[in-house]
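So the structure is just underneath, and the comments pick up after that.
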2 protein chains.
Amino acid sequence: MALPLIRKFENYVQLSDIEKRSLMQAEAHIQDVEARCDIIRERQEIEGATLVLEGFACRYRLLPDGRRQILGYMLPGDMCDPRIFLLDRMDHSIATISRTKIAIWPRKSVLGLTSLHPRITRAFWWCTLVDEGIAREWLVSLGQRTALERLAHLICELYHRLKAIDLVTANGFDFPVTQAELGDTLGLSAVHVNRTLQDMRRERLVRLAGRRLTVLNLEALSTIAMFNPDYLRLGRTRAARPVGRREKAE
Amino acid sequence: MALPLIRKFENYVQLSDIEKRSLMQAEAHIQDVEARCDIIRERQEIEGATLVLEGFACRYRLLPDGRRQILGYMLPGDMCDPRIFLLDRMDHSIATISRTKIAIWPRKSVLGLTSLHPRITRAFWWCTLVDEGIAREWLVSLGQRTALERLAHLICELYHRLKAIDLVTANGFDFPVTQAELGDTLGLSAVHVNRTLQDMRRERLVRLAGRRLTVLNLEALSTIAMFNPDYLRLGRTRAARPVGRREKAE
DNA sequence: CGACTATTTGATAGGACTCAACCTCCGTGG
DNA sequence: CCACGGAGGTTGAGTCCTATCAAATAGTCG
């Protein structure tokens with residue numbers, strides 16, 4: 001059941017068949033969740049690690065007055081947080097964007113995997129590093145980039161992440177995010193997202209219709225966004241490992 | 001030499017004397033750095049873990065056209081990243097704000113500590129969790145909060161973090177950050193930071209003069225910022241541990 | 001005291017927001 | 001099969017928050 005996760009892990013480490021099998025067979029509750037439902041709520045006690053198998057989800061935080069900031073998107077293969085053995089409660093919520101299939105790994109299941117397989121542990125750490133890289137990039141977007149640049153950057157990010165899990169076909173992908181949600185992601189109003197999107201269409205950068213986003217000019221989009229995909233570490237295992245530096249320890 | 005770090009760790013875990021001694025005696029290069037110098041540059045190879053002992057530093061990222069976003073502040077006891085054994089290169093830079101004393105732990109020194117002392121490892125993970133919590137809070141600020149709210153939130157964050165390491169006296173602290181740097185932190189222009197700061201002075205929220213920031217009304221500041229310090233996990237070990245949940249493993 | 005660097009002030013412009021209405025697409029149900 | 005309703009998308013008008021540019025003032029350090 002953990003196929004998308006394994007594919008993701010293989011960006012960071014090489015897994016043995018035994019490790020793959022352990023991941024596939026780890027105890028997990030599979031669950032289908034409707035679109036726009038909370039999977040985990042802020043302050044809720046953490047029971048296990050949540051893994052997205054299909055669909056889009058997002059992390060978000062609400063301010064007391066109702067303003068919402070989306071903190072990141074979770075695509076197939078993404079996990080809420082492997083460090084569940086430390087945290088007792090969530091400090092943000094996770095909700096589905098589209099209809100989603102998730103797996104919930106009980107705490108002990110994760111602990112079992114990590115204590116038996118150092119390479120799996122290592123892959124988990126990699127995930128946290130990449131997530132942090134993404135968060136940093138979002139900080140740069142929200143702090144420095146204009147509306148057009150932000151939107152372009154987000155599209156580039158999702159394009160690359162989805163491509164890495166073979167969810168891009170004909171330069172396009174399923175994109176269930178509403179303009180209101182994009183607004184909460186990019187720190188913009190839905191109206192302004194709409195107008196920015198129209199600019200992009202006018203410039204033949206993207207086509208967006210019927211929940212499908214097609215990238216018409218990735219080059220131009222990347223330039224506008226000042227996008228560099230390195231931080232996503234999608235280069236397949238080899239490229240991601242240090243070169244010319246022998247290291248043994250864990 | 002690692003005193004501020006030990007104090008910080010004790011927010012998250014209880015350390016034995018042996019562990020404290022190991023931290024104190026770990027091989028480290030102590031170094032003084034001028035104000036406004038890069039300690040680590042983007043793309044630079046990582047040699048070890050950098051620990052701030054005295055002074056202010058910050059992480060930042062530059063866009064090709066010169067725009068800069070500050071990603072976080074590093075105060076005494078803060079480390080650049082304990083996960084250096086994974087990463088080969090930095091994807092952002094670290095610079096001093098004030099004159100700073102730092103310690104650089106060689107890779108093997110960190111690996112030694114973590115392999116011998118699981119509680120130290122655990123404390124390291126806690127640090128990464130808190131850093132991520134801070135980053136999330138910044139995302140909310142940049143995405144949703146107004147200039148006044150952002151500034152108020154940042155001041156609250158720094159107040160609490162500095163208080164936890166006894167660097168707050170008479171409700172004030174040394175604050176070497178320029179208004180231009182605040183602008184790069186909050187996604188605002190320096191001019192607008194200046195005006196916002198004046199609003200705060202007018203409202204008797206803070207006093208800021210001669211590199212010293214005094215919080216005159218923390219209550220009001222926290223309300224404006226919608227600030228809740230929980231995410232900093234400064235509650236001293238007991239409060240930070242889960243209640244009513246026995247757990248043994250790592 | 002001079003040369004910077006940092007802060008402050010004023011004037012003007014513009015990006016993004018709000019409000020409000022209207023349109024479009026779909027799924028539901030009569 | 002078409003009317004209805006709601007969610008999401010689009011448009012227009014007016015406003016406000018924040019940026020820019022420019023210049024003056026205050027601080028700091030050798």
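All values below were derived from every heavy atom in this structure, side-chain atoms included, with hydrogens, water molecules and symmetry-related copies excluded. Residue numbering restarts at 1 for every chain, and letters A, B, ... go by the order of the sequence lines.
- Here B/Gly187 lies in heavy-atom contact (under 4.0 Å) with sugar-phosphate atoms only.
- Between the side chains of B/Asp78 and B/Tyr73, no donor N or O sits under 3.5 Å from an acceptor N or O.
- Put simply, CZ on B/Arg202 is 12 Å from C1' on C/dT9, counting in whole angstrom units.
- Sorted by residue number, the members of residues 193-201 of chain A with any non-hydrogen atom under 4.0 Å from DNA chain D read A/Asn194, A/Arg195, A/Gln198, A/Arg201.
- A/Arg150 comes within 4.0 angstrom of no nucleic acid atom, judged by non-hydrogen atoms across all strands.
- Annotation: side chain of B/Tyr60 is not in contact with side chain of B/Thr185 (no heavy-atom distance under 4.5 Å).
- As rounded to whole Å, 15 Å separates atom C1' of C/dC17 from atom CG of A/Leu186.
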TODO: Begin with the C-alpha distance, continue with both residues' side-chain angles, and end with the deciding distance and a verdict on salt bridge (charged side-chain N to carboxylate O under 4.0 Å, His left out) for A/Arg7 and A/Asp166.
DONE: CA-CA 10 Å; A/Arg7 175 181 293 152; A/Asp166 297 325; 3.7 Å; yes
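- Toward the 5′ end of DNA chain C lies the nearest nucleotide of B/Arg211, the other residue of the pair A/Ala147 and B/Arg211 mapping further downstream.
- Note on A/Ser189: a base of the nucleic acid sits closer than 4.0 angstrom, heavy atoms only.
- B/Met79 is listed as a side-chain neighbour of B/Trp105, based on a closest heavy-atom distance under 4.5 Å.
- With rounding to whole Å, B/His192 atom NE2 is found 15 Å from C/dG10 atom P.
- Atom CD of B/Gln144 is separated from atom P of C/dA16 by 15 Å (rounded to the nearest Å).
- With a 4.5 Å cut-off on side-chain heavy atoms, B/Asp174 and B/Leu167 do not count as touching.
- Residue B/Ala190 is out of contact with every strand shown, counting any heavy-atom pair closer than 4.0 Å.
- The nucleotide whose nearest atom lies closest to any side-chain atom of B/Val191 is, among C/dA20, C/dA16, C/dT9, C/dT9.
- Rounding to the nearest 0.5 Å places CD of B/Gln179 at 11.5 Å from CG of B/Leu188.
- Between A/His160 and A/Phe227, the two ring planes are parallel [angle under 30°; tilted spans 30° to 60°].
- The footprint of chain A on DNA chain D, defined by a heavy-atom cutoff below 4.0 Å, extends from D/dG8 to D/dA13.
- A donor-acceptor contact closer than 3.5 angstrom links the side chains of A/His92 and A/Arg59.
- Annotation: side chain of B/Cys37 is in contact with side chain of B/Glu34 (closest heavy-atom distance under 4.5 Å).
- Taking atom CG of residue B/Leu208 and atom P of nucleotide C/dA6, one finds them 14 Å apart after rounding to whole Å.
- Separating the CG atom of B/Leu142 from the C1' atom of C/dA16 is a distance of 16 Å, rounded to the nearest angstrom.
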